[in-house]
Structures are given as C-alpha cells and as structure tokens.
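Read through the structure below, which is laid out as structure tokens, and then see the notes.
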Amino acid sequence: MKHIRKHVKPYLPLLISSIIFIAIQAYLNLVLPNIMSQIVNVGIQDYSQKIALASGAVAESLKLEQQQYIIITGAKMLCVAIFTGVVTLLIQYINAKMGTGLARDLRNTIFSKIESFSSAEFDKFSTASLITRTTNDVQQVQMMLTMGVRTIVFAPLMGIGGVVMAMKKAPSMAWINALSVIMVIGLIMIVYSLAVPRFKLIQTLIDKLNLVARESLSGLMVVRAFSTQKYEEERFDKASREYKQNNLFVNRIMSLMGPTMTLLQNIVPVVIIWIAAEKIANSQLLVGDMMAYIQYSGNIMGAFMMISGIFVMFPRAMVSVNRISEVLDTENVITEKENPVILPIDKCEVSFNNVSFTYPLGEGEVLKNISFVAKPGQVTAIIGSTGCGKTSLVNLISRFYDVTKGSVKINGIDVRDMSLKNLRDLIGYVPQKSILLSGTIRSNLQSANQEATDVEMEKACEIAQAKEFIERKEEKYDYPISQGGTNVSGGQRQRIAIARAVMKMSPVYIFDDSFSALDFSTDLKLRKALKENLSNATIIIVGQRVASIMDADQIIVMDEGKIVGKGTHKELIKHCEEYQQIAYSQLSKEEV
Ligand code: UTP
Ligand code: MG
C-alpha cells in the first residue's frame, strides 16, 4: 500500500477537491426530495384546501399565488438539478485526470524498476506476469481509486443523510428502511463470499493466458514447422476456458445483484405507499412527505449498493496492489556499493580469481574454481562443449550475475566495487543470442554510442563485416529493423550486433559465440579486422570452432564448469586431452 500512497501524494489537491465536490453532490441529492415535498405539501395540498374554502376574487388570487409558488419552487428544483449535473461533471473530470495520471506514474515506476532487474530477478517473475502487472494490475488500482473515492465519500453521506431526512419526514416508518437495509446487506454478503475468492485466481489466470499467447505467437515458426498448431490451440483453449469460466462465474453472481436490487428498490416504495396510505387518510402524514420518504429510502439503498460495489472491487484491487508491490519491493540482487570505484576508459585487465558460481534458482555449481587473466592487447578464447558454462562465465564480467565464491576483477578492482554504469561502459558485449531492437540499423548501432559520427559507424560496420550487406540495401543505415531483428538473416543480425559492440570503442570486448552464424571466410576476415583495429583491447571470444580460435593468444578449455586446459593452440594440442578431442573432431591432421 505504501507505494500507492506515495503515488497518490502528487494528486492530493485533486483528491481533496474531488472529495469536496462529492460532498456537495451528496448534499444536493438530499435537498432535492425536500423541495419536491414542499411543492406537494404546500403548493398543491395547502393551497388547494385554502382555495376550496375561499370564494370569488380571493380564490382567484390564491390560485395565482399557488401557480407562482409552484413555478418558483420548481425553478429551485431545476437549479439544484442543473447544479448537480455540473458538479457531477466536475467530479468525473477530476477523477479521470487523477486516475489516469496515477496509473501512468505507477506504470512508469514499475517499468523503471523492471529495467533495473538483473537476470536473477527476471528468473523470479515471468515476462508474461511482469507485463500483466504493469498493465492490467495498474488498471485495477486506477479503477479502485476513481470509483473508491467517490463511493467512500458519497455513499456514507447519502446513507446517513438519507436516514436522518427520512426519520424527520416519517419516524414511524423507520422499520421499512431498516428492513430493506438488512436485506441489501444480506445480499451483499452472499455475493461477496462467493465472488471474492475467485479474484486472485482470475489475476493469475490472466498471467497464464498471457504466457501461453506470448509463447505460441513468438514461437509461431516452430509451431508451424512441427505442426503442433492443434496442441498449441488446445493449450490456449484450456487457459482461455479456465479464465472464461471463472470470469463468467464472478460476473454471473455480480449480475444477479442488479435485478435483485431493482426488485427491492421497487418493492420498498410499494410497501411505503401501502403503509403510508392509512397514515395519510388519518392525517398523520402528508403526501409530499411520503413522496420524499420514498426517494430517501431509494437513496439509502443506493448508498449500500455503492458500498457493496467497493466491497467487491476492493479485494480485487488489493490482489493487484500486492502483485505490484511484489515487483516494487523486490530487492535487486545486483546492487552498487555506496562509493563505487570509477575506472578510466583505458586498458583493462580482466582476472578471474577462484571463481565459483551457482545460479540463484539452480542447484549445484555451474562454475568451479575458475582462475585466469585476460590481458589487454590479447585475445583470450574460451572453448568447451555445450553447457559447460562458457556463457555463465562471461556473464559474470558484466555482472549479469554475481559470483558465489571468489572474485572477478578489472585492473585489480572487484567488479562488485565498481559503478555499474562504469563497468558496462568498459565492456562491449555481443550476446550469444543477438538481439536487435525495433528501429533502424542506425538506431541500433547508435544505442551503443550516441555521439558516434557516420564515419565511425561505417568503420565499425566495416570491422564487423557488415558494411557490405548494409550498403547493398536501398535504405542503407536507415533500413528498418523489426522487433527482435527478425527481418535480417541470422548472420547479418550477428554482424550488426558485433558492429554495435565495436561502436562503443570500449577497452574490453566479449563475443559470446558471436561468429557461429558466419561462414569461414567472413569469420576469418572479421577476426583479422578485430585484431588490427582493436589492438589495445582485451578481447574475450567464446567459440565452438577450433579454427576460429586457434590463433588466440590464450585458449581456455572448459569442461563441466572447470578449466581443464590453458595455453596456446600449440601447447594445448600437445598436452590437453579435451582440447585434442575437440580439435581432431573438427580439423584434419594437417590443419592441426
Ligand atoms: P551455459 O549457458 O553457461 O553453457 O550453461 P554454455 O557453455 O554457454 O553452453 P553453449 O555452448 O552456449 O550451449 C551452463 C550450465 O548452467 C545451467 C545450464 O543448465 C548449464 O548446465 N544454466 C544456464 C542454469 O542453470 N540457468 C541459466 O539461466 C542458464
Ligand atoms: Mg553459451
């Protein structure tokens, strides 16, 4: 709740003015029946009696007076009604402004919080759930605020005011109101106990629906290729059906309320008229008072009805508030020290010192006792079978995860002591799965370095062997890139991602299996260009192909999370069994 409170604060003036207007609205609503009863009691009943008793000219002047009285009081009613309309409009406007504004702020806060998440936190929430939390859950909170404020202020005023006014008009009929209120409360309780338990379920089902839809839509190609449309359809259908059933249940129950309330609201006036008729006949009650009484009893029931709405909405919104708080309260695992060290963007030596690592949600060590040094001006290659921990290892340098034991240092400074921005400024990173953002080639490249000139950009693309295919395109650097970069080939995507990293002109480069989609000649040209142009940089290349790493200054051979060999190609081919196996499986005797 504290997050919501914090977000409401800027809207306090709006909130207060809304409350004031709502109070005015309630007051006007209570005044109206009273004026109406005057028209009936005085304007019709009293005058008619007087006119009946008078005669001739007196009667004529009384008739005129009666007309005037009714017109003036009617005009009063009209004014009140118009004023009520204006106030209602104002309330709607203020509430809409407040609600949408708050929702926007809240969404922004959640989004920036999510942006600060490291992989560890992303593993905790699913992407689908994070999306629902930023959209649907915020919407629930927005609804609660706008409707809630209105109800919390308006309903009690209306209810209590209604009771007071009704008591004034006809105290002997108070039991009718008491009875109707008890019936309304009973109805609310039944509905409440049936519907509320389902709300939490519904929110999780929305997550699930979102997840299934996202998965099968983003993996559409795979679904088609394996002809699993039917399976996916069934999976979606199941999730959707479950959601539908629960929603239907809740809405059916809720919609029962409407007709039942209407029934009550119509029965009560009949009862009132029935009882009041006798009193009127005995001159214990005035007709106008009875009419006002009917309206007040309607107001009282309406107030309870509104409160019941809140009772239903509130638990639902609370579920959403909690889900939002879960995100906002998540403590980032990757945090900065208070006075972080800032290293100059200069030569960097990356060292691993006895590093062990376990994934936050995983079991067992993925990396064990890793120690090596990657020197500036050198290429350090990491090779090993799939799943041996290469990606996990390089992810520790950029602090996508933190080490469990040991330390990763840059120029002798533990990466955990550095400012995150500084650390990432030092590193040009090409992930194993190259991801481009929607936009153009230019916007993607510039995301790494806003200040880079066109010449620098072209140079980076030249090094990454991307220049040629980009310049063959009609739009060149303004070629549109769709979400995820799916409208360029895998190899092209990799090369744009490499160019993006090179654009950074950073002292450390990490290429995680980044040449896998390139043919041998492009691979060779690229490595040559890297060596020539980034001669002072610390280059770490993760690779699967011996051919692409054999000329590295240092090769690290990994197996099941451990380093089993370290050295140059020549040294390893002599002494390291695992390296020999990999090398001989890929190269001919002469090539080795
Ligand atoms: P890696 O992803 O580090 O292996 O996973 P790798 O060497 O780079 O493999 P390739 O060549 O790209 O295919 C190492 C181990 O860590 C686990 C995996 O199950 C794997 O056994 N792992 C990986 C996790 O537990 N959680 C993750 O988020 C990622
Ligand atoms: Mg990998």
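Side chains included, hydrogens not; waters and symmetry mates left out as well; all remaining heavy atoms used. Counting starts at 1 for both ligands and their atoms, following the listed order.
The residue among Gly364, Gly387, Gly543 with a heavy atom at the shortest distance from atom 14 (C) of ligand 1 is Gly387. For atom 24 (C) of ligand 1, the nearest non-hydrogen atom from the set Tyr359, Phe400, Tyr401 belongs to Tyr359.
Atom 7 (O) of ligand 1 has its closest protein heavy atom at Lys390 N, 2.8 Å. Nearest protein heavy-atom contact of atom 12 (O) of ligand 1 is Gln432 NE2, 2.6 Å. Of all protein heavy atoms, the one closest to atom 2 (O) of ligand 1 is Thr391 CB, 3.6 Å.
The main-chain N or O of Lys574 is found under 3.5 Å from a side-chain atom of Gln580 such that the two form a donor-acceptor pair. Side-chain atoms of Thr538 come within 3.5 Å of backbone atoms of Cys348 as a donor-acceptor pair (strictly under, hydrogens ignored). Put simply, the side chain of Glu471 never gets that close to the backbone of Lys476: no donor and acceptor are under 3.5 Å apart.
For ligand 1 and Cys388, the ligand atoms under 4.0 Å from any heavy atom of the residue are 4 (O), 7 (O).
A donor-acceptor pair shorter than 3.5 Å can be found between the side chains of Thr109 and His7. Side chains of Ser443 and Gln446: no donor on one and acceptor on the other come within 3.5 Å. Side-chain polar atoms of Thr100 and Arg104 form no donor-acceptor pair below 3.5 angstrom.
Residue contacts with ligand 1 leave out Gly384, since none of its heavy atoms falls under 4.0 Å from the ligand.
For a distance bound of 2.8 Å, the N, O or S atoms of Thr386 include none lying that close to the Mg ion (ligand 2). The nearest N, O or S atom of Ser392 is not closer to the Mg ion (ligand 2) than 2.8 Å.
Between Ser392 and ligand 1, at least one N/O pair is under 3.5 Å apart.
For atom 18 (C) of ligand 1, no protein non-hydrogen atom is found at a distance below 4.0 Å.
Residue contacts with ligand 1, taken as heavy atom pairs separated by less than 4.0 Å, involve Val366 solely via side-chain atoms from C-beta onward. Residue contacts with ligand 1, taken as heavy atom pairs separated by less than 4.0 Å, involve Gln544 solely via side-chain atoms from C-beta onward.
The side-chain heavy atoms of Val408 and Arg399, taken from C-beta on, include no pair separated by under 4.5 Å.
Rounded to 10°, the angle formed at the Mg ion (ligand 2) by Thr391 OG1 and Gln432 OE1 is 90°.
Ring to ring, Phe400 and Tyr429 are close: their centroids are under 6.0 angstrom apart.
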Apply the test salt bridge (Lys or Arg N to Asp or Glu O under 4.0 Å) to residues Lys421 and Glu336: give CA-CA distance (whole Å), side-chain angles for both, the deciding distance (0.1 Å), then the verdict.
-> CA-CA 10 Å; Lys421 175 157 188 331; Glu336 250 176 36; over 6 Å; no
